[in-house]
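Structure, as structure tokens:
Lettering follows sequence order; numbering is per chain, from 1.
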There are 2 protein chains.
Amino acid sequence: MEKYSNFLLSNGVKPSVQRLRIYEFIHTNRIHPTIEMIYSNLSHEMPTLSKTTVYNTLKLFVSKGVAKAINIEDTEIRYDADLSTHGHFKCKSCGGLFDVMLKIDNLVIEGLDNFKIEEYQVNLKGYCNVCKPN
Amino acid sequence: MEKYSNFLLSNGVKPSVQRLRIYEFIHTNRIHPTIEMIYSNLSHEMPTLSKTTVYNTLKLFVSKGVAKAINIEDTEIRYDADLSTHGHFKCKSCGGLFDVMLKIDNLVIEGLDNFKIEEYQVNLKGYCNVCKPN
DNA sequence: AGTAAGTTTGTAATCATTACAAATATATTA
DNA sequence: TAATATATTTGTAATGATTACAAACTTACT
Ligand SMILES: [Mn+2]
Ligand SMILES: [Mn+2]
Ligand SMILES: [Zn+2]
Ligand SMILES: [Zn+2]
């Protein structure tokens, strides 16, 4: 995709075959995948893909700001190509990670006088509409 | 401390010497310590303390709900005995983890119709008032 | 005191992540 | 185009935090 290629380039990421495909994957499949999910999904069509490359690529993406790492759980890191302001909900039953729209302007924060806030995450957990006991 | 002992008991945690001292430590020192910090701070006064015990104890505390695990960073887990509703701010320079008061009632959340929200975390990052470049 | 149940400890095993160097691909120069 | 330099990928080995486990110890109960 030319669009993805230019986006990566404009953010200082040289779009190699692997990087482009990995970026396309996380941008298209909004499942907030782990490294393992990305690797197992792409290794079929790219048989020589190394897991090291997936690790390196996602680290590069996060450092260049083209993807975000979501630390909602201490047992896994999930990745998101959606850079817009939003939070996340993880279902304790199925493990699904859902986007949550936030009206963050309403969130009053106290206790940070003279602090410089650069980023934030709002992470929720519970049971999704499918898994919720009725 | 009798107070701590009773609190642990009422939450299903038998207050052994080690558990009581670990709980007292995280309740008194509001630095949101890691396992390593807890261990290195207490191993002087409790020379036989095993790091395994610290791991086991904090896992027990979290499962019994007497402490919370804060996943603000994928490189460390920090623990908090403060069960009240509040968020956290981590300084990227000194690593300090600060409490943040939230008026969370104002936070409008969309996209979770029929979901059951059980817990949430609000995690911020940036630079504290000491480390902030002027 | 003696027995049983629960807890702690030290060590060994596990496993996700990282380091590294060779191989491959891409860009640059002649 | 061929040669050379630079960047990226790959596979394997090393690392290190966490967990599994069984022996030692502590506590509660008879
Ligand atoms: Mn998202
Ligand atoms: Mn706190
Ligand atoms: Zn679910
Ligand atoms: Zn600081």
Quiz item: B:Gln18 side chain N/O closer than 4.0 Å to the phosphate oxygens (OP1, OP2) of D:dT26?
Solution: no
Practice problem: Starting at NZ of B:Lys14, measure out to OG of B:Ser16 and round the result to the nearest 0.5 Å. | Solution: 10.5 Å
Self-check item: All ring pair (Phe, Tyr, Trp, His ring centres under 6.0 Å) counterparts of A:Phe98, not counting sequence neighbours
Solution: B:Phe115
Practice problem: Would you kindly give the CE-to-C1' distance between A:Met37 and C:dA16, to the nearest whole Å? | Solution: 15 Å
Exercise. Have a look at B:Ser16 and say if it touches a base, only the backbone sugar-phosphate, or nothing, with a 4.0 Å heavy-atom cut-off.
Key: sugar-phosphate
Provide a list of protein-nucleic acid N or O atom pairs under 3.5 angstrom, restricted to nucleotides 22-25 of chain D.
none

Practice problem: Could I get the full list of side-chain contact (heavy atoms from CB on, under 4.5 Å) partners for A:Asn114, not counting sequence neighbours? | Solution: B:Asn129, B:Lys132
Quiz prompt | All pairs passing ring pair (Phe, Tyr, Trp, His ring centres under 6.0 Å) where residues 40-73 of chain A contributes a residue, at least two apart | solution = A:Tyr23-A:Phe61
Quiz item: Who are the side-chain contact (heavy atoms from CB on, under 4.5 Å) partners of A:Thr34, not counting sequence neighbours?
Solution: A:Glu36, A:Met37, A:Glu76, A:Arg78
Practice problem: Rounded off to whole Å, could you give me the CG-to-P distance for the B:Leu60 and C:dG6 pair? | Solution: 13 Å
Practice problem: Using atom CG of B:Leu49 as one end and atom P of C:dG10 as the other, report the distance to the nearest whole Å. | Solution: 9 Å
Quiz prompt | For B:Ser63, all residues meeting side-chain contact (heavy atoms from CB on, under 4.5 Å), sequence neighbours excluded | solution = B:Leu60
Exercise. Write down the distance between CZ (B:Arg21) and C1' (D:dT26), rounded to a whole number of angstrom.
Key: 20 Å
Quiz item: Just how far, in rounded Å, is C1' of D:dT8 from CE of A:Met46?
Solution: 12 Å
Polar atom pairs between nucleotides 23-25 of chain C and protein, under 3.5 Å, N or O only, would you list them?
none

Quiz prompt | Pairing residues for A:Tyr127 by the ring pair (Phe, Tyr, Trp, His ring centres under 6.0 Å) criterion, not counting sequence neighbours | solution = none
Quiz item: A:Ser50 side chain: which of D:dT10, C:dT9, D:dT9 is closest?
Solution: D:dT10
Exercise. Write down the distance between NZ (A:Lys14) and C1' (C:dA27), rounded to a whole number of angstrom.
Key: 8 Å
Exercise. Go through the structure and list residues passing salt bridge (charged side-chain N to carboxylate O under 4.0 Å, His left out) with A:Asp82, not counting sequence neighbours.
Key: A:Arg30
Exercise. Check A:Asn56, A:Thr57, A:Leu58, A:Thr52 against A:Val54 for a side-chain contact (heavy atoms from CB on, under 4.5 Å) and give me the one that passes.
Key: A:Leu58
Quiz item: What is the distance from OH of A:Tyr39 to P of D:dT9, rounded to the nearest Å?
Solution: 15 Å
Quiz item: Does B:Ile72 sit in a hydrophobic cluster with other residues, and if so which ones, taking ILVMFWY side chains as linked at heavy-atom separations under 4.5 Å, directly or through other members?
Solution: B:Ile70, B:Leu97
Which protein N or O atoms sit under 3.5 Å from an N or O of nucleotides 17-20 of chain C?
unit_1	atom_1	unit_2	atom_2	d
C:dT17	OP2	A:Tyr55	OH	2.2
C:dT17	O5'	A:Tyr55	OH	3.2
C:dT18	OP1	A:Lys59	NZ	3.0

Quiz item: Roughly how many Å is it from CZ in A:Arg19 to P in C:dT26, rounded to a whole number?
Solution: 12 Å
Quiz item: What residues, two or more places apart in sequence or in another chain, satisfy side-chain hydrogen bond (donor to acceptor under 3.5 Å, both in side chains) together with A:Asn123?
Solution: A:Gln121
